[in-house]
Amino acid sequence: MSDQHSFETLAIHAGNTADPLTGAVVPPIYQVSTYKQDGVGGLRGGYEYSRSANPTRTALEENLAALEGGRRGLAFASGLAAEDCLLRTLLTPGDHVVIPNDAYGGTFRLFAKVASRWGVEFSVADTSDVSAVRAAITPRTKAVWVETPSNPLLGITDISAVTDVARQAGARLVVDNTFASPYLQQPLSLGADVVVHSTTKYMGGHSDVVGGALVVSDPELAEELAYHQNAMGAVAGPFDAWLVLRGIKTLAVRMDRHDENATKVADLLTRHPKVTQVLYPGLPEHPGHEIAAKQMKAFGGMVSFRVAGGEEAAVEVCNRAKLFTLGESLGGVESLLEHPGRMTHASAAGSPLEVPADLVRLSVGIENADDLLADLTQALG
């Protein structure tokens, strides 16, 4: 399918060719481990074993590449599986990475507890400050890692500016695009080398699948990643790939509603006397607002806020919510809330990535906005 089509059209059609056998308009779930060969080495469509390739996963990977404007997409069993494959492809012992001071707790854990034992070093920097990124780079830096918007403080990084810094150092720029989704932001077009997704979140969109993805434009890097994907084996299963592919078809309309509802939620929170700070890039007072407006189509469905009264007050807000479900993860059609310090970011406690104890993170769903506002009002008391 031509990449000249609109995003909404690509989301529905890229990789979704009709089944040649039956004409089914939805790609089948190829729940198969191995494939009949027509003589030794006579592969049908290049398929021999489903760790190496599976037609359902191929459909998803083609779709991911089209949506991010990349050359190749790769689908994994989880977002962290994708990150692990990327790290072991790009890095060798002794290499160095710059990571954000506001990153997903699982990403920090991967660097601090896993990659570090393999001899990979990292430095923490405020990636919203280009000079801080430049100062953190060493002669051994091979990658600069960015989340924008970041998790959970909704920080914004200027992708183009940090790309320039990374290129000058001979390093790759990796952008975790999970919070934005490719509908709102396409980092490869801004200069990034690799896009990372937890497809569990907005891409799947229904809290019923776990998955991850990498998308790249460089064909040589694409081949290296594909080699490691097969060699390491943490691939997306066919049913999981099918669920993500199905979710992506409604990504555009869902993201429009997530953004609309989150804007209303952020407005309510800014006026509430028990809220001391609202973190949402759609607010004009957000320090990254202008950059977000430049590199994003809209501001997304994630909102964080700090509660007057400290940690226990924040926990109580989480416990009193009824329509907002207390739970980890994000990006589903239903609204979720959590206490990052005790939940998703507990692994960052005591580190430079430790989050404020009075912070509550919202994943604003696509329910009726008035119902969501009413629930937050009663939860705040």
Side-chain angles (χ1 to χ4, degrees), residues 7 68 100-104 107 125-130 132-133 145-163 173-187 189-192 195-198 201-203 251-252 254-272 275-307 330-331 335-338 340 344-345 353 355-356 358-366 369 372-373 376:
F7 183 94
E68 284 287 3
N101 65 345
D102 173 23
Y104 167 52
T107 298
D126 177 0
T127 59
S128 68
D129 181 350
V130 177
V133 175
W145 194 285
V146 165
E147 289 181 16
T148 184
S150 65
N151 181 8
L153 298 179
L154 283 302
I156 298 295
T157 295
D158 187 329
I159 296 172
S160 295
V162 175
T163 292
L173 179 65
V174 179
V175 177
D176 186 332
N177 202 30
T178 297
F179 267 28
S181 88
Y183 178 61
L184 299 185
Q185 179 175 265
Q186 296 179 327
S189 69
L190 300 171
V195 173
V196 176
H197 281 284
S198 170
K201 314 303 193 299
Y202 286 110
M203 305 290 264
L251 178 63
R254 286 187 286 106
M255 292 308 298
D256 283 341
R257 183 62 172 266
H258 285 301
D259 176 77
E260 178 185 338
N261 282 356
T263 299
K264 294 176 180 178
V265 164
D267 178 63
L268 170 76
L269 293 172
T270 58
R271 293 181 284 106
H272 199 285
V275 174
T276 61
Q277 184 181 19
V278 181
L279 305 171
Y280 183 62
L283 295 172
E285 59 267 30
H286 188 286
H289 175 72
E290 291 185 7
I291 293 172
K294 178 181 69 172
Q295 66 188 21
M296 298 176 70
K297 180 177 180 179
F299 303 104
M302 300 300 298
V303 180
S304 291
F305 64 97
R306 301 179 70 172
V307 182
L330 58 103
S335 293
L336 301 175
L337 88 170
E338 64 131 359
T344 53
H345 289 69
L353 280 76
V355 299
D358 58 0
L359 188 75
V360 174
R361 190 192 73 181
L362 305 177
S363 174
V364 182
I366 65 172
L372 297 177
L373 299 179
L376 284 174

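Hydrogens, waters and symmetry mates are skipped; everything else that's a heavy atom, side chains included, is used. All figures in this text were calculated on a predicted structure; none of them were measured in a lab.
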| said: Gln186: which residues meet the side-chain contact (heavy atoms from CB on, under 4.5 Å) condition with it, sequence neighbours left out? | reply: Phe7, Glu68, Ser189
| remark: Taken in chain and number order and not counting sequence neighbours, the residues that satisfy side chain to side chain donor-acceptor pair (under 3.5 Å) with Thr148 are none
| query | Considering only heavy atoms from C-beta outward, does the side chain of Val307 approach that of Thr276 to under 4.5 Å? | reply | no
| For Asp267, all residues meeting salt bridge (charged side-chain N to carboxylate O under 4.0 Å, His left out), sequence neighbours excluded | Arg271
| salt bridge (charged side-chain N to carboxylate O under 4.0 Å, His left out) partners of Asp358, counting only residues at least two apart | Arg306
| field | For Phe299, all residues meeting ring pair (Phe, Tyr, Trp, His ring centres under 6.0 Å), sequence neighbours excluded | value | His289
| request: For His258, check ring pair (Phe, Tyr, Trp, His ring centres under 6.0 Å) against everything at least two apart and list the hits. | output: Tyr202
| query | How far apart are the C-alpha atoms of Val146 and Val174, what are their side-chain angles, what is the distance that settles it, and do they pass the side-chain contact (heavy atoms from CB on, under 4.5 Å) test? | reply | CA-CA 6 Å; Val146 165; Val174 179; over 6 Å; no
| side-chain contact (heavy atoms from CB on, under 4.5 Å) between Leu154 and Val303, intermediate numbers included | CA-CA 7 Å; Leu154 283 302; Val303 180; over 6 Å; no
| said: Return the CH2 to CG distance between Trp145 and Asp176, rounded to the nearest 0.5 Å. | reply: 7.0 Å
| task | To the nearest 0.5 Å, tell me how far Leu359 CG sits from Phe305 CZ. | result | 8.5 Å
| Can you check whether Ile156's main-chain N or O pairs, donor with acceptor, with His286's side chain at less than 3.5 Å? | no
| task | List for me each residue that meets side-chain contact (heavy atoms from CB on, under 4.5 Å) alongside Ala180, sequence neighbours excluded, and say none if there are none. | result | Pro149, Asn177, Leu184, Gln185, Met296
| query | Is a side-chain N or O of Thr263 found less than 3.5 angstrom from the main chain of Asp259, in a donor-acceptor match? | reply | yes
| message | A side-chain contact here means heavy atoms from C-beta on lying under 4.5 Å apart; do Val196 and Val175 qualify? | response | no
| query | Roughly how far apart are Ser181 OG and His197 NE2, rounded to 0.5 Å? | reply | 7.0 Å
| message | Between Val360 and Leu337, is there a side-chain heavy-atom distance shorter than 4.5 Å? | response | yes
| Side chain to side chain, Met302 and Val364, heavy atoms closer than 4.5 Å | no
| field | Least distance between heavy atoms, Pro152 atom then Ser304 atom | value | O-OG, 2.6 Å
| task | Answer yes or no: is there a side-chain heavy-atom contact under 4.5 Å between Leu362 and Leu269? | result | yes
| query | Is Val278 close to Leu283 at the side-chain level, that is, under 4.5 Å between some pair of heavy atoms? | reply | yes
| request: Please name all residues satisfying side-chain contact (heavy atoms from CB on, under 4.5 Å) with Asp158, sequence neighbours left out, ordered by chain then number. | output: Ser160, Ala161, Ile291, Lys294, Gln295
| task | Determine the minimum heavy-atom distance between Ala262 and Gly300, stating which atoms define it. | result | CB-O, 3.4 Å
| task | Drop me the distance from Asn101's CG to Leu153's CG, to the nearest 0.5 angstrom. | result | 8.0 Å
| With sequence neighbours left out, what residues match Tyr183 under side chain to side chain donor-acceptor pair (under 3.5 Å)? | Asp256, Lys297
| Considering residues at least two apart in sequence or located in another chain, which fulfil the side-chain contact (heavy atoms from CB on, under 4.5 Å) criterion with Arg257? | Glu260, Asn261, Ile366
| request: Sequence neighbours left out, what passes side chain to side chain donor-acceptor pair (under 3.5 Å) with Thr157? Give chain and number order. | output: Thr127
| Could you give the distance from CG (Asn151) to OG1 (Thr178), rounded to the nearest 0.5 Å? | 8.5 Å
| said: Please enumerate all residues that pass salt bridge (charged side-chain N to carboxylate O under 4.0 Å, His left out) together with Glu338, with sequence neighbours excluded. | reply: Arg361
| Below 4.5 Å, heavy atoms only, C-beta onward: do Leu251 and Pro182 meet side chain to side chain? | yes
| Going from CG on Leu373 to NZ on Lys264, what distance comes out if it is rounded to the nearest 0.5 angstrom? | 7.5 Å
| request: Taking the side chain as every heavy atom from C-beta outward, state whether Leu173 and Val162 have any atom pair closer than 4.5 Å. | output: yes
